[in-house]
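A short worksheet on the structure shown next.
We count ligands from 1, going down the list as the structure has it; atoms in each ligand are counted the same way. Because the structure is predicted, anything quoted here is derived from the model rather than measured.
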Amino acid sequence: MAIRILSGDITKQHVDAIVNAANSSLLGGGGVDGAIHRAGGPAILAECRELRRSRYGKGLPTGQAAATTAGRLDAHWVIHTVGPVYSPDEDRSALLASCYRESLALADRLGADSIAFPAVSAGVYGWPAASAAEIAVGTVRATDTNVADIRFVLFTDDVLAAFQHALG
Ligand code: AR6
């Protein structure tokens, strides 16, 4: 398993699975979620609506992952995961770790060989970059997976530096 840190827009990655930092509604939003739906086109939202109807009537729970088509993206699947909103009063690290573990488990079930992750929860959801990076890198390293090519694709310099530091 190779873990790499890359700078840039995750929607430009050529991988089997692109992970989306979604929200429970699965109906889109801002940040990387908005970018993935814009670049991938309406087929992604159509499958998200179907997932809500068939499996996640109350929404996709925080820490879990679900896959759809990647539409026009250069990938086979988008894996939607819902990160926790950061709280200074409550330790929600296990939920953030679960996003990475569940995404990799789903990628394994799909037969994906390569995956690109954004920094889940490190934007609108307010998770401090250093901690988000430690949890992301630490969890992926500790997860037993058949996915050989694992990339973190980071959009801002502070988050990029935090992930580079975490990878060592
Ligand atoms: N490629 C890679 N990373 C990106 C991109 C991109 N194109 N665009 C933004 N990022 P966020 P969250 C980075 O806010 O904190 C949405 O509205 C961004 O700089 O996208 O998990 C959802 O619908 C940051 O480092 O996700 C939810 O409601 C990281 O992606 C909510 O935001 C995550 O930031 C989820 O919040």
Using a 4.0 Å cutoff against the non-hydrogen atoms of Thr156, which atoms of ligand 1 qualify?
19 (O)

Would you kindly confirm whether Leu96 and Ile5 end up in one hydrophobic cluster when ILVMFWY residues are joined by side chain heavy atoms under 4.5 Å apart?
yes

Atom 21 (O) of ligand 1: nearest protein contact (heavy atom, Å):
Ser121 N, 2.8 Å

Can you find an N/O atom of Asn23 closer than 3.5 Å to an N/O atom of ligand 1?
yes

Taking the side chain as everything from C-beta on, heavy atoms only, tell me whether Arg92 gets closer than 4.5 Å to Val85.
yes

For Ala21 and ligand 1, does the shortest N/O to N/O distance drop below 3.5 Å?
no

Near Gly30, which atoms of ligand 1 are under 4.0 Å from a heavy atom of that residue?
16 (C), 17 (O)

With heavy atoms of Ile10 as the reference, note each atom of ligand 1 found under 4.0 Å away.
1 (N), 2 (C), 6 (C)

Apply side chain to side chain contact (heavy atoms under 4.5 Å, CB included) to residues Leu104 and Val140 and explain how you reach the verdict.
CA-CA 8 Å; Leu104 284 172; Val140 167; 4.2 Å; yes

Is it the case that ligand 1 has an N or O less than 3.5 angstrom from some N or O of Asp9?
yes

Side chain, backbone, both or neither: Val153 near ligand 1, heavy atoms under 4.0 Å:
backbone

Tell me the protein heavy atom at minimum distance from atom 30 (O) of ligand 1, and give that distance in Å.
Val32 CB, 4.0 Å

Parallel, tilted or perpendicular: rings of Tyr86 and Trp127 (30°, 60°)
perpendicular

Can you tell me if Ala119 has a non-hydrogen atom under 4.0 Å from ligand 1?
yes

Under a 4.0 angstrom heavy-atom cut-off, which atoms of ligand 1 come close to Gly29?
17 (O), 23 (O)

Element-labelled atoms of ligand 1 that are located less than 4.0 Å from some non-hydrogen atom of Gly31:
8 (N), 9 (C), 20 (O)

Looking at Lys12 and Asp74, is any side-chain nitrogen of the basic one under 4.0 Å from a carboxylate oxygen of the acidic one?
no

So Leu154 and Pro118, do their side chains get closer than 4.5 Å, heavy atoms only?
no

Within reach of ligand 1, part of Val124 (heavy-atom separation under 4.0 Å)
both

How far is atom 36 (O) of ligand 1 from its nearest protein heavy atom, and which residue and atom is that?
Tyr125 CG, 3.3 Å

Any N or O of Ala22 that comes nearer than 3.5 Å to an N or O of ligand 1?
no

With heavy atoms of Asp33 as the reference, note each atom of ligand 1 found under 4.0 Å away.
22 (C), 23 (O)

Compute the minimum heavy-atom distance from Gly8 to ligand 1 and say whether it is under 4.0 Å.
yes

Worked check of side chain to side chain contact (heavy atoms under 4.5 Å, CB included) between Ile36 and Arg38:
CA-CA 5 Å; Ile36 284 171; Arg38 271 195 306 278; over 6 Å; no

Checking side chain to side chain donor-acceptor pair (under 3.5 Å) against Asn20, which of Asp33, Thr11, Thr68, Thr81 comes through?
Asp33

If you count the atoms of ligand 1 from 1 in the order shown, which ones are under 4.0 Å from a heavy atom of Ala35?
7 (N)

Any idea which of Pro84, Gly123, Ala116 brings a heavy atom closest to atom 11 (P) of ligand 1?
Gly123

Kindly work out whether a path of hydrophobic side-chain contacts (I/L/V/M/F/W/Y, heavy atoms less than 4.5 Å apart) joins Val153 to Ile150.
no

Got Arg52 and Leu60 here, is their nearest side-chain heavy-atom distance under 4.5 Å?
no

Closest to atom 10 (N) of ligand 1 among protein heavy atoms sits Phe155 CB, 3.6 Å

Heavy-atom check, side chain of Asp16 versus side chain of Leu110, under 4.5 Å:
no

Sequence neighbours excluded, every pair satisfying side chain to side chain donor-acceptor pair (under 3.5 Å) that has a member inside residues 97-111:
Asp108-Thr145

